[in-house]
Amino acid sequence: MSLLARLNPPQQNAVTTTAGPILVLAGPGSGKTRVLTHRIAYLIRDMGVEPWHIVAVTFTNKAADVMRERTEALLGMTGSLSGLMLGTFHRICARLLRMEAERIGLNPRYVIFDSDDQLDVIKQALRDLNIDEKRNPPRAVHAAISRAKNELITPDRYPIATYGDEITARVYERYQRLLGVSSALDFDDLLVRTVFMLRDHDEIRDRYQRRFEYVLVDEFQDTNTAQYELVRLMAGHHRNVFVVGDEDQSIYRFRGADFRNVERFRQDYPDARVILLEQNYRSTQTILDAANAVIARNRHRTAKQLFTDRGTGARITLYQAYDEHDEGNFIIDEINRLKASGQAKPGECALMYRTNAQSRALEEAFVRRGMPYRLVGATRFYSRKEVKDVLAYLRLVQNPDDDVSLRRIINTPPRRIGNTSIDRLGGWAAGLGVSVYQALRLLGGDAPPELAKTAGAHPFTKATVAPLLAFYELLQNWIEVRNTLTPAQLIDRILEESGYREWLRDGTEEAEDRWQNVQELRTVAGAYDEMEIGLALDAFLEEVALVSDTDDLQAGSDVPTLLTLHAAKGLEYPVVFIAGLEEGLLPHSRSTEDPDGMEEERRLFYVGVTRAADRLYLLHTFRRGNWGRSDFAEPSRFLADLPRELTGGSTPARQAHRAMTTWGSEERRPTARPAYGSSLRFSPGQQVVHPVFGKGTVITSKLVGGDEEVSVAFSGKGVKRLLASIANLKAV
DNA sequence: TGTTTCGACGTTTTT
DNA sequence: CGTCGAAACA
């Protein structure tokens, strides 16, 4: 069988041109995953390249899994890719650093700090430096530091133009020091340290540059400076670097990604072959036309013309819901209707939104209507308190210098170690320039002689020393057995001996929920039972630190998927609903002042639109509840860019706008609302009169539990929800 | 030292 | 609305 049979000419080109730098500009749905998998298979099967000599970078771990699976299928056997380095930038870096740790003076037991841990460290640094948290929000300071890291700027080189920069530079310095004491790396460090490792260590660089004969990078438009540099270094010897990207789908600017890296690639590799993939195999022409119309308004892009031979397809549906609950209900009705008419299964539907906060109301609708769904991201399992606690114990056993984990659990469950003791202990350790664990060792008389010599007397009373030493003993016992137990066994032991289980299960229902989560974590850890015991804990913790939201997206059950537009990148669904197309939400208010930010919002919308294969629904609300309050919502400016013939003849934004401005007056007409097949007495736009509230306009009307619930906007009285059977509503 | 309550505050998107 | 931190209490 030829690998090339199912590829079009440009795709074949991208697969078989193996030598030298190659840039593939791939529009949405143009088969780039197919090109990547076929290329790897081609290299191995037809070119005889050892998998060991190939490195492939994907955007999510999920994408990596898919790629491995499909490539193995092409090669016709599992395990045929052993040695292939395949994963996200972060995971690949974590692995390289683990392997080379000793050579670059890094503790091989290093832990990876997640965002919460990172914020804790920032706060600690601010406290250490006596900097006011109110005036310098930890999140903002962290963002500035992260930006610097993505640009490969070290603390000593941090450019200072303002007083704020001065502060950032000092916190940055302190932050790195604290991470160092804890033998911890944050997400950015994984990239930065790897770049510096390859840059500064000739032997290591040579070794990897020779090894990596072929370098492949997916989603290249979302690389940042550090990642770009990493690619350059990895491919430095053989120069067989193959990158795939689409400037129009660059949506991670906030993370330092810069789609101009695509342009930079062309400059840095003037001999690069450029291959365009413009044929779309996913969407109907209607959807592509909408997508083209939306993205064409961006100025910083190279124009592409996407085409498909899939035919026109269904029109795009626009719906103005009354509020976010109505939005959810409409979507559910529509999913049910598609299912009943055999047009789409629930599992083929996806519901996308800009912010995670939006999922709450939508979920509520699903729960109320008894419709199952799958939620990607949001309140993630690994951010639960109890899960983080257990992980903190494990991390501490793996790397006792991890101060963040130690502080987290030193008094959880309560062990008579209060804040004053912890602060004093921390201060003492900081004064000695060591981790809290090292300070505890000193207290227990176990410290290395050179440390014991320089340290003076400890600052504790007898009453506080005892609980500290008790905790130290506990920890010490686990450290001694860590290489004889599987991660799951270690969890069991910790849960018992720390008293955490007993403390957590206090008999309440909520506590049992939490205990379930702990048990689930234990189950996840169970996957490492078979691994060599010395490596298992490490691997487990790394896995947990680098899981991404889309990774737990297991297909299978036939239920709709709820996810953010960011999480939707790279995925496709026959039916796509995009909710919350409103000013301030999409585009988001945080981006509207900045032209580059606005272009990115538009790309985000573009990504959402192009996920749809057959049907696209665009929704916005009349009023939206934002934390507590409910405000009037203005339709997104992006809606105005959709050609009217794609949306059932009406110009959506103008119509929506008219609806907005004349709401409550007699001119109000509903936006394109598909037939509900209802026997409702009232319909949107209708004028009614109520004995108490007076004259009003119907906004929505729907069946709720057999009764008709009508939302009416009364002039001067606001919007009321009424039950038709109870309220004495009359049509005018 | 631990627990509770109140007020201020904020939210984009993610590895 | 929810989390988080500080103050107020037991």
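All values below were derived from every heavy atom in this structure, side-chain atoms included, with hydrogens, water molecules and symmetry-related copies excluded. Within every chain, numbering begins at 1; the chains are lettered A, B, ... in the order of the sequence lines, protein sequences first and strands thereafter.
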(request) Rounded to the nearest angstrom, tell me the gap between atom CZ in A:Arg424 and atom C1' in B:dT1. (result) 14 Å
(request) Report yes if at least one side-chain N or O of A:Ser421 is closer than 4.0 Å to OP1 or OP2 of B:dT1; otherwise report no. (result) yes
(request) Assign each of A:Asn411 and A:Arg590 to its nearest nucleotide of DNA chain B by heavy atoms, then name whichever residue's nucleotide is nearer the 5' end. (result) A:Asn411
(request) In whole angstrom, give the distance that lies between atom CZ of A:Arg624 and atom C1' of C:dC1. (result) 15 Å
(request) Could you tell me how the ring of A:Phe220 sits relative to the ring of A:Tyr228: parallel (under 30°), tilted (30 to 60°) or perpendicular (over 60°)? (result) tilted
(message) Run through DNA chain B and report every stem of 3 or more consecutive Watson-Crick or G-U pairs, distances under 3.5 Å, ordered by first number.
(response) B:1-10 with C:1-10
(message) Please tell me if A:Thr420 has a side-chain N or O lying less than 4.0 Å from either OP1 or OP2 of B:dT1.
(response) yes
(message) Counting the atoms with a prime plus P, OP1 and OP2 as sugar-phosphate, which does A:Arg253 contact under 4.0 Å by heavy atoms, base, sugar-phosphate, or nothing?
(response) nothing
(request) Choose from B:dT15, B:dT13, B:dT11 the nucleotide whose nearest atom is closest to any side-chain atom of A:His588. (result) B:dT11
(message) I need the CD-C1' distance between A:Gln358 and B:dT13, as an integer number of Å.
(response) 11 Å
(request) Would you indicate, yes or no, if B:dT13 has its OP1 or OP2 atom less than 4.0 angstrom from a side-chain nitrogen or oxygen of A:Asn356? (result) yes
(message) Counting the atoms with a prime plus P, OP1 and OP2 as sugar-phosphate, which does A:Phe89 contact under 4.0 Å by heavy atoms, base, sugar-phosphate, or nothing?
(response) nothing
(message) Side chains of A:Asp120 and A:Gln124 only: does a donor on one sit below 3.5 Å from an acceptor on the other?
(response) no
(request) Mind listing the closest non-hydrogen atom pair of A:Ala361 and A:Glu324 along with its distance? (result) CB-CG, 3.3 Å
(request) Taking the side chain as every heavy atom from C-beta outward, state whether A:Phe265 and A:Val241 have any atom pair closer than 4.5 Å. (result) yes
(message) Taking the P atom in each of B:dT13 and C:dC4, what is the distance between them to the nearest angstrom?
(response) 15 Å
(message) Ring centres within less than 5.5 Å and planes less than 30° apart: is that true of A:Phe254 and B:dT14 in this structure?
(response) no
(message) Can you measure A:Asn150 atom CG to B:dT15 atom C1' for me and round it to whole angstrom units?
(response) 10 Å
(request) Return the 5'-most residue of the pair A:Thr464, A:Ala545 with respect to DNA chain B, ranking by each residue's nearest nucleotide. (result) A:Thr464
(request) Considering just the side-chain nitrogens and oxygens of A:Arg139, establish if one lies under 4.0 Å of OP1 or OP2 belonging to B:dT11. (result) yes
(message) Quick check for you: among B:dG2, B:dT14, B:dT15, whose closest atom lies nearest to any side-chain atom of A:Tyr252?
(response) B:dT14
(message) Testing the 3.5 Å rule here: is there a donor-acceptor pair between the side chains of A:Tyr252 and A:Glu219?
(response) no
(message) Check this one for me: any side-chain N or O of A:Asn626 less than 4.0 Å away from OP1 or OP2 of B:dG10?
(response) no
(message) How close do A:Gly608 and A:Leu565 get, counting heavy atoms only, and between which atoms?
(response) CA-CD2, 3.6 Å
(request) Please report, rounded to the nearest Å, how far the P atom of B:dT13 is from the CZ atom of A:Arg603. (result) 18 Å
(message) Would you say A:Thr60 places a side-chain N or O within less than 4.0 Å of OP1 or OP2 belonging to B:dT15?
(response) no
(request) Answer with yes or no whether the side chains of A:Tyr606 and A:Asn298 bring together a donor and an acceptor at under 3.5 Å. (result) no
(request) Indicate yes or no: does A:Asp538 engage A:Arg109 in a salt bridge with an N to O separation below 4.0 Å. (result) no
(request) Figure out the CZ/P separation between A:Phe259 and B:dT13, and round it to whole Å. (result) 22 Å
Side chains of residues 137-148 of chain A: which donor-acceptor pairs under 3.5 Å do they make with residues two or more places apart or in other chains?
{"unit_1": "A:His142", "atom_1": "NE2", "unit_2": "A:Gln118", "atom_2": "OE1", "d": "2.8"}
{"unit_1": "A:Ser146", "atom_1": "OG", "unit_2": "A:Asp188", "atom_2": "OD2", "d": "2.8"}

(request) Between B:dT11 and C:dA6, how far apart are the C1' atoms? Round to whole Å, please. (result) 22 Å
(request) Scan side-chain atoms only and decide if A:Thr223 and A:Asn261 contain a donor-acceptor pair under the 3.5 Å cut-off. (result) yes
(request) Going 5' to 3' through nucleotides 2-10 of chain C, assign each nucleotide B (protein heavy atom under 4.0 Å from a base atom), S (under 4.0 Å only from sugar-phosphate atoms) or - (no protein heavy atom that close). (result) S--S-----
(request) Using whole Å, report how far CG of A:Leu586 lies from C1' of B:dT11. (result) 16 Å
(request) Please state how far atom CG in A:Asp594 lies from atom P in B:dT13, giving the value in whole angstrom units. (result) 18 Å
(request) Check the side chains of A:Glu229 and A:Gln227 for a donor-acceptor pair under 3.5 angstrom, ignoring hydrogens and angles. (result) no
(message) Please classify the nucleic acid contact of A:Asp188 as base, sugar-phosphate, or nothing, using heavy-atom distances under 4.0 Å.
(response) nothing
